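Below you'll find the structure, written out as structure tokens, and then a few comments.
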Amino acid sequence: MSPRKRTATAALPPPVSPERHAALRGPLLSWYDRNKRDLPWRRTRDPYAIWLSEVMLQQTQVSTVIPYWERFLARFPTVKALASAPLDDVLSGWKGLGYYTRARNLHRAAQEVVERFGGKFPPTAEELITLPGFGRYTAGAVASIAFGEPAPIVDGNVARVLSRLFEVEGLPGDRDREATLWALATELAKGERPGDFNQALMEHGATTCRPESPLCLLCPVRDGCFAYRKGRVHELPPAKVRAAPRKLFLALAVWPHAGTLLFARRADKGLFGGLWELPAVEVDEETPEAEAVQRLSSTLGATLALEGTLDSVRRQLTHRDLTLRLLRVSGGPRPTKSAAFQELRWCTPQEAEALGMSTAMQRALDAVLGHGVLGGDAPAAPAPAKKKAAGRTTRKATGG
DNA sequence: CAGTCGTGGGA
DNA sequence: TTCCCAAGACT
């Protein structure tokens, strides 16, 4: 018995008896062998390709990841190729996937694998977790799936599955709850094919032990599930409490010149870090356009005149309600650097395609080009944005 | 520990 | 239309 004292309210890690270990592990593994989805990263044993899938899958759905994973791998086939690529190319390959820090960490980690490990991934979770962007989950996933180390993983799926199987109480983020889940996952990872078993836990959570409407009648470990026995499946785990999204208004300078527009690279930290945008300043909902133009002028070190406005673009992020106001301006002198941005660049639409850019900014750019701001007829269909209108119409484009 | 960081899809 | 999320990491 451990001498460590616990408070009365602390969750005690449920024991995993040898019987229970076997009763869960075997059925889950054979269920996985029969029911696993044919995902492209399950057809490779290349640690680099597996790592890439794990990073892309962070907070992102499988169906979204598949085309990105294939394209990215074709563009950067090896960790060395990724390490030696310019950051702009990497961010461009990540364009539209979100959580862009992942891409910058991916790039840095690739460089460290080359420099510190001679281009070969270290095979243990303990070493992997020292690399940028590797947390406990990703280190365990790569170690177990690519190298067969019996390392545990706990992601959202595993947390849900184990919460139900072992009736683990507590809200997501609760210290004792997390410790309990990792302790359970550590015990269960021990045995044959730890990588497949870890994936079995996730696959089961993703397809059967789902958050809503779990398919308990198809569950291979239903008999051993405490939550099922007690009729508590629907209440475990408790849903996260999420803060309401805050409003964020940005005024963008749409500044055409000789077939180009002015683009700026945002700071590495914060929203859309390191990505390119039409130069933006944060404003309030009430900020008059004239004042927004004034602030863009001083930010860019130029004297700008408002020529007209285009439709605003709205985007819902998890924690932000984003409104992009497009202000078409003219003026001078034309800057090539600014203290407010990492970098400024005058780009044709074609050149801008190669820049890392958020989906919000891509929508704004599509709207700008759709209005023929650069002259001529609306240029070659601005990336037929899946039929949906690029932005809601709040007012007609004006000025000339 | 709580806040931050995106997106497309489904209810 | 609106809301909710999904294979986390970092500060």
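Model, not experiment: these values are computed from the prediction. Reminder, nothing fancy here: chain letters follow the sequence lines and each chain counts from 1.
- Checking A:Arg108 against A:Val62, the closest nucleotide of DNA chain C that is more toward the 5' end is the one next to A:Val62.
- A salt bridge is absent between A:Glu169 and A:Arg177; no separation between the charged side-chain nitrogens and carboxylate oxygens falls under 4.0 Å.
- Here A:Gln316 lies in heavy-atom contact (under 4.0 Å) with a base.
- At most 12 heavy atoms of other shown residues, nucleotides or ligands fall within 6.0 angstrom of atom CD in A:Glu126.
- Across all strands, A:Gly96 comes closer than 4.0 Å only to sugar-phosphate atoms, never to a base (heavy-atom distances).
- Taking a cutoff of 4.0 Å between a charged side-chain nitrogen and a carboxylate oxygen, A:Asp284 and A:Lys247 do not qualify as a salt bridge.
- The distance between atom CG of A:Leu317 and atom C1' of C:dC4, rounded to the nearest whole Å, is 14 Å.
- Distance, A:Tyr68 OH to B:dG9 C1': 14 Å, rounded to whole Å.
- Atoms CG (A:Leu106) and C1' (B:dC5) sit 16 Å apart, rounded to a whole Å.
- Here A:Leu39 lies in heavy-atom contact (under 4.0 Å) with a base.
- Rounded to an integer number of Å, the gap from CZ of A:Arg160 to P of C:dG8 is 10 Å.
- The listed nucleotides are B:dC5, C:dA6, B:dT7; the one nearest the side chain of A:His319 is B:dC5.
- A:Leu97 comes within 4.0 angstrom of a nucleotide base, judged by non-hydrogen atoms across all strands.
- Rounding to whole angstrom units, CZ of residue A:Arg210 and P of B:dG10 are separated by 13 Å.
- For A:Lys80, the NZ atom sits in a loose shell: 12 or fewer heavy atoms of surrounding residues, nucleotides or ligands are nearer than 6.0 Å.
- Consecutive Watson-Crick or G-U pairing (both distances under 3.5 Å) extending over three or more pairs maps onto DNA chain C as B:2-5 with C:8-11, B:7-11 with C:2-6.
- A donor-acceptor contact under 3.5 Å is formed by the side chain of A:Thr60 with the base of B:dG6.
- Classification of A:Arg232 and A:Glu167 as a salt-bridged pair holds, one side-chain N sitting under 4.0 Å from a carboxylate O.
- The side chain of A:Arg102 contributes no N or O atom lying less than 4.0 Å from OP1 or OP2 of B:dC5.
- The CG-P distance, from A:Leu271 to B:dG3, rounds to 17 Å in whole Å.
- Picking from B:dG8, C:dC5, C:dG8 the nucleotide with the shortest atom distance to the side chain of A:Thr318 gives C:dC5.
- In the set C:dG8, B:dC1, B:dG6, C:dG8 carries the atom at the smallest distance from any side-chain atom of A:Thr138.
- The side chain of A:Phe272 approaches B:dG6 more closely than any other nucleotide in the set B:dG6, C:dA9, C:dC5.
- The pair A:Asp321-A:Arg314 counts as a salt bridge, with a side-chain nitrogen and a carboxylate oxygen less than 4.0 angstrom apart.
- Comparing B:dG6 with C:dT2, their P atoms are spaced 23 Å from each other, to the whole Å.
- The listed nucleotides are B:dG6, B:dG8, B:dT4; the one nearest the side chain of A:Arg246 is B:dT4.
- Contacts of A:Arg37 with the nucleic acid, taken as non-hydrogen atoms under 4.0 Å apart, include base atoms.
- Each of A:Arg345, A:Arg363, A:Arg266 was scored for a salt bridge (charged side-chain N to carboxylate O under 4.0 Å, His left out) with A:Glu277, with one residue passing: A:Arg266.
- With respect to A:Arg229 and A:Asp223, no salt bridge is recorded, no charged nitrogen being found less than 4.0 Å from a carboxylate O.
- Atom P of nucleotide B:dA2 and atom CG of A:Leu171 are separated by 10 Å, given to the nearest angstrom.
- For A:Tyr99, counting side-chain heavy atoms from C-beta on, the closest listed nucleotide (C:dA6, B:dC5, B:dT7) is B:dC5.
- Taking 4.0 angstrom as the limit, A:Arg136 places none of its side-chain polar atoms (N or O) nearer than this to OP1 or OP2 of C:dG8.
- For A:Asp155, the listed nucleotide lying nearest its side chain is C:dG8; candidates were B:dT4, B:dG8, C:dG8.
- Closest to the side chain of A:Gln58, from the set C:dG8, C:dC5, B:dG6, is C:dG8.
- Within the 4.0 Å cut-off from OP1 or OP2 of B:dG8, not a single side-chain nitrogen or oxygen of A:Gln61 is found.
- The distance between atom CD of A:Glu212 and atom C1' of C:dC5, rounded to the nearest whole Å, is 10 Å.
- When distances are taken from the side chain of A:Ala239 to each of C:dA9, C:dC5, B:dT7, the shortest belongs to C:dC5.
- Of the candidate nucleotides C:dC10, C:dG8, B:dG8, B:dG8 has the atom lying nearest to any side-chain atom of A:Thr359.
- Salt-bridge annotation for A:Arg265 and A:Asp88: present, with a side-chain N of the basic residue lying under 4.0 Å from a carboxylate O of the acidic one.
- Contact annotation: side chain of A:Ser358 to base of B:dT7, donor-acceptor pair absent below 3.5 Å.
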